[in-house]
2 protein chains.
Amino acid sequence: MKSTAAISALGALAQEHRLAVFRKLVQSGESGMAAGALAEALGIPASSLSFHLAQLRHAGLILHQRRHRSLIYRANYPAMNALLGYLTENCCAGAPCDNDAACVPMEQERQSA
Amino acid sequence: MKSTAAISALGALAQEHRLAVFRKLVQSGESGMAAGALAEALGIPASSLSFHLAQLRHAGLILHQRRHRSLIYRANYPAMNALLGYLTENCCAGAPCDNDAACVPMEQERQSA
DNA sequence: CGCTTAATTCGACATCTCTCGAAATGTCGT
DNA sequence: ACGACATTTCGAGAGATGTCGAATTAAGCG
């Protein structure tokens, strides 16, 4: 990961609403959440949320796909892993995690069914 | 770590010059670097650098102490660990590193003597 | 096609951020 | 105390970011 990409990703997460959105998407796992559902859950006006989703998307931290009339957003786990990797390699002493567990979707949500 | 602290830390790192400063301080290990040395190494005017150092300091990511006429800055490793911990816990699936290695100073710089 | 729902884009505004020279502050050597 | 050095604070301007209602685009249903 290049430092410009890291800066984009850090900047995308460095905002109250966007961090909340990203956390929510991580919690919702692979199935993700529709924009409207996010807006209601977080109490953010649709147009404001749309702005923040675009920022997260440009930073590569989230992905979206259309399902019927809704746009479903979900966390891009590999991107988050790359950010964590960048930070541990470049901003720590290079003594990070050597297991490859890292950043994976929260499966427990899905397997509850 | 609270999410407000995480946002401060993320915001502090989400800037070209500040990320460069922090990386430089990580590289320089426990001994740190003086503000002037940083300014010269990174080609940033003193007053601009001072502004960025203040941001990093307010975010808790760096520490400083006076040595003779210079102010020596150094990375606050525990703060960086806390940020990494926050991100792996809240923005990943809670399957982070379970070893406690994490973020430690780059000792190889010092032990070269 | 026309209607409804879902979401984005536009536009205008307020606010925060970054930059950097000049002035002020703090520290040391003599 | 004075001069020189290291750094910060001040101040003003340019530019980026966040907000959100209104208008627009897109998808599905009858």
Side-chain angles (χ1 to χ4, degrees), chain A residues 3-25 28 31-76, chain B residues 3-25 28 31-76:
Chain A
S3 72
T4 51
I7 290 168
S8 295
L10 289 165
L13 292 175
Q15 211 278 341
E16 187 187 348
H17 292 332
R18 287 196 294 267
L19 186 58
V21 165
F22 189 76
R23 290 181 62 179
K24 203 81 183 165
L25 289 179
S28 71
S31 50
M33 273 181 91
L38 276 168
E40 191 178 11
L42 300 173
I44 304 173
S47 61
S48 299
L49 178 69
S50 193
F51 168 79
H52 290 305
L53 288 171
Q55 307 270 307
L56 286 165
R57 202 150 44 76
H58 288 138
L61 287 169
I62 62 175
L63 303 168
H64 72 318
Q65 76 200 70
R66 201 171 261 288
R67 179 142 62 188
H68 309 300
R69 259 176 276 196
S70 297
L71 282 174
I72 309 295
Y73 284 87
R74 63 196 166 85
N76 185 5
Chain B
S3 72
T4 52
I7 289 168
S8 296
L10 289 165
L13 293 176
Q15 211 278 341
E16 187 187 348
H17 292 331
R18 287 197 294 268
L19 186 57
V21 165
F22 190 75
R23 289 180 63 178
K24 204 80 182 164
L25 289 180
S28 71
S31 50
M33 272 181 92
L38 277 168
E40 192 178 8
L42 301 173
I44 304 172
S47 62
S48 299
L49 178 69
S50 193
F51 167 79
H52 291 304
L53 287 171
Q55 306 269 305
L56 286 166
R57 201 151 44 76
H58 288 139
L61 287 170
I62 62 174
L63 303 168
H64 72 316
Q65 77 201 67
R66 200 171 261 286
R67 180 142 62 187
H68 309 300
R69 258 176 275 196
S70 298
L71 282 174
I72 308 294
Y73 285 87
R74 61 195 167 87
N76 186 4

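As the structure is a computational prediction, the values presented were derived from the model and not from experiment.
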- [ ] Remember a base hit wins even if backbone is also touched, and classify A:R57 as base, sugar-phosphate or nothing at under 4.0 Å, heavy atoms.
- [x] nothing

TODO: Measure from CD on A:Q55 to P on D:dA16 and round the result to the nearest Å.
DONE: 13 Å

Task: Touch class at under 4.0 angstrom, heavy-atom based, for A:A34 against every strand present - done: sugar-phosphate

Open item on the list: What is the distance, to the nearest angstrom, from the CD atom on B:E40 to the C1' atom on D:dC5?
Closed with: 14 Å

Open item on the list: Between P on D:dT17 and CG on A:L13, what's the gap in Å once rounded to a whole number?
Closed with: 15 Å

Task: Distance, nearest 0.5 Å, that separates NE2 of A:H52 from CG of A:L42 - done: 10.5 Å

TODO: Starting from P on D:dT17, measure out to CD1 on B:I7 and report it in whole angstrom.
DONE: 17 Å

Task: Expected output: side-chain A:S28 to main-chain A:L25 donor-acceptor under 3.5 Å - done: yes

Open item on the list: Just the rounded figure in Å: distance from C1' of D:dT8 to CG of B:L53.
Closed with: 10 Å

- [ ] Give a yes or no answer on whether the side chain of A:R66 reaches the backbone of A:R69 with a donor-acceptor pair at less than 3.5 Å.
- [x] yes

Task: A:R57 CZ to A:N76 CG distance, which is reported to the nearest 0.5 Å - done: 12.5 Å

Open item on the list: Determine whether a donor-acceptor pair (N or O, by modelled atom type, separation under 3.5 Å) exists between the side chain of B:R18 and the backbone of B:A12.
Closed with: yes

Open item on the list: Quick check for you: to the nearest 0.5 Å, what is the distance between A:I7 atom CD1 and B:H17 atom NE2?
Closed with: 9.5 Å

TODO: Mind checking A:A35 for me? I need base, sugar-phosphate or nothing, with any heavy atom below 4.0 Å counting as a touch.
DONE: sugar-phosphate

Task: Length of the NE2-P vector between A:H58 and D:dG18, whole Å - done: 14 Å

Open item on the list: Nearest whole Å is fine: how far is D:dA16 C1' from B:Q15 CD?
Closed with: 12 Å

Task: Contact boundaries on DNA chain C for chain A, cut-off under 4.0 Å to non-hydrogen atoms - done: C:dT4 to C:dT9

- [ ] Mark up nucleotides 20-30 of chain D, 5' to 3', with B wherever a protein heavy atom is under 4.0 angstrom from a base atom, S wherever such an atom reaches only the sugar-phosphate, and - elsewhere.
- [x] BBB----BSS-

- [ ] Working to the nearest 0.5 Å, report the span between CG of B:L56 and OG of B:S8.
- [x] 11.5 Å

- [ ] Measure from CD on B:Q65 to C1' on D:dA6 and round the result to the nearest Å.
- [x] 16 Å

Task: Atom pair CG/CG of B:L19 and A:L10 - distance to nearest 0.5 Å - done: 6.5 Å

TODO: Check every strand shown and say whether A:S50 touches a base, only sugar-phosphate, or nothing at a heavy-atom separation below 4.0 Å.
DONE: base

Task: Distance, nearest 0.5 Å, that separates OG of A:S48 from CG of A:L53 - done: 11.0 Å

